[in-house]
Amino acid sequence: KAGVTQTPRYLIKTRGQQVTLSCSPISGHRSVSWYQQTPGQGLQFLFEYFSETQRNKGNFPGRFSGRQFSNSRSEMNVSTLELGDSALYLCASSQDRGYYEQYFGPGTRLTVT
Amino acid sequence: AQTVTQSQPEMSVQEAETVTLSCTYDTSESDYYLFWYKQPPSRQMILVIRQEAYKQQNATENRFSVNFQKAAKSFSLKISDSQLGDAAMYFCAYRSLNNNDMRFGAGTRLTVKP
């Protein structure tokens with residue numbers, strides 16, 4: 001099975017712009033979660049989608065949003081980018097049964113200048 | 001809300017030796033899952049080992065094993081016969097079965113010395 005894929009892998013944006021990141025989960029996985037990873041804050045949970053519905057949400061401002069499509073692919077959007085949004089954004093997918101372990105993609109490295 | 005604490009920001013081990021990484025968590029739930037993930041430098045996060053809370057037997061995956069103490073809410077990872085490829089950031093994670101919430105610790109950076 002193919003693993004979790006994320007596009008693009010690297011992105012450079014300017015303050016005030018918006019960005020959309022994409023994640024394709026492992027085939028058969030219906031849950032997709034997004035995380036922000038920074039050296040200072042570690043791994044922080046953004047949100048989780050399951051069957052096109054947001055099931056959980058972390059403590060991030062409304063500038064961060066996401067969605068999931070019927071094929072379980074997910075996108076996250078960050079509007080009005082700030083310098084502090086520079087981070088590695090990780091996507092993880094999981095089955096909704098068994099151990100519920102998450103499988104991670106390689107991440108998208110976002111740099112905001 | 002559940003919290004996961006990794007009290008060792010950095011650890012170091014000699015190649016072929018054994019090292020134990022600590023993890024504690026706080027929860028009022030009785031059933032949940034625990035995981036250890038490994039993130040090598042500039043590489044993808046991968047699952048190392050998993051444990052169900054209702055299983056008393058400690059999980060083992062080759063050179064990796066855990067010491068799960070449910071009453072103490074402790075979930076340590078033991079790496080035996082450490083190899084250079086084990087050098088990575090290790091994250092402990094908790095998965096709630098009530099709300100599917102997944103919480104990660106701050107991570108422990110493991111260095112393996114040749």
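Chain naming here is simple, since letters A, B, ... match the order of the sequence lines and numbering starts at 1 in each.
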Quiz item: A:Gly58, A:Ser94, A:Gly42, A:Gly105: which one forms the most heavy-atom pairs within less than 4.5 Å of chain B?
Solution: A:Gly105

Quiz item: Can you name the side chain to side chain contact (heavy atoms under 4.5 Å, CB included) partners of A:Thr38, sequence neighbours left out?
Solution: A:Gln36, A:Gln41, A:Ala87

Quiz item: Which bit of A:Gln37 comes within less than 4.5 Å of chain B, counting heavy atoms only: side chain, backbone, both or neither?
Solution: side chain

Quiz item: Of the backbone (N, CA, C, O) and the side chain (C-beta and beyond), which part of A:Gln44 lies under 4.5 Å from a heavy atom of chain B, both, or neither?
Solution: neither

Quiz item: Between A:Phe50, A:Phe45, A:Tyr35, which has the largest tally of heavy atom pairs under 4.5 Å with chain B?
Solution: A:Tyr35

Exercise. Go through B:Asp86 and B:Arg63 one step at a time and tell me if the salt bridge (Lys or Arg N to Asp or Glu O under 4.0 Å) criterion holds.
Key: CA-CA 10 Å; B:Asp86 294 333; B:Arg63 297 182 296 106; 2.8 Å; yes

Exercise. Drop me the distance from B:Leu21's CG to B:Phe64's CZ, to the nearest 0.5 angstrom.
Key: 9.5 Å

Quiz item: Taking the inter-plane angle between the rings of B:Phe35 and B:Tyr33 on a 0 to 90° scale, is it parallel (under 30°), tilted (30 to 60°) or perpendicular (over 60°)?
Solution: tilted

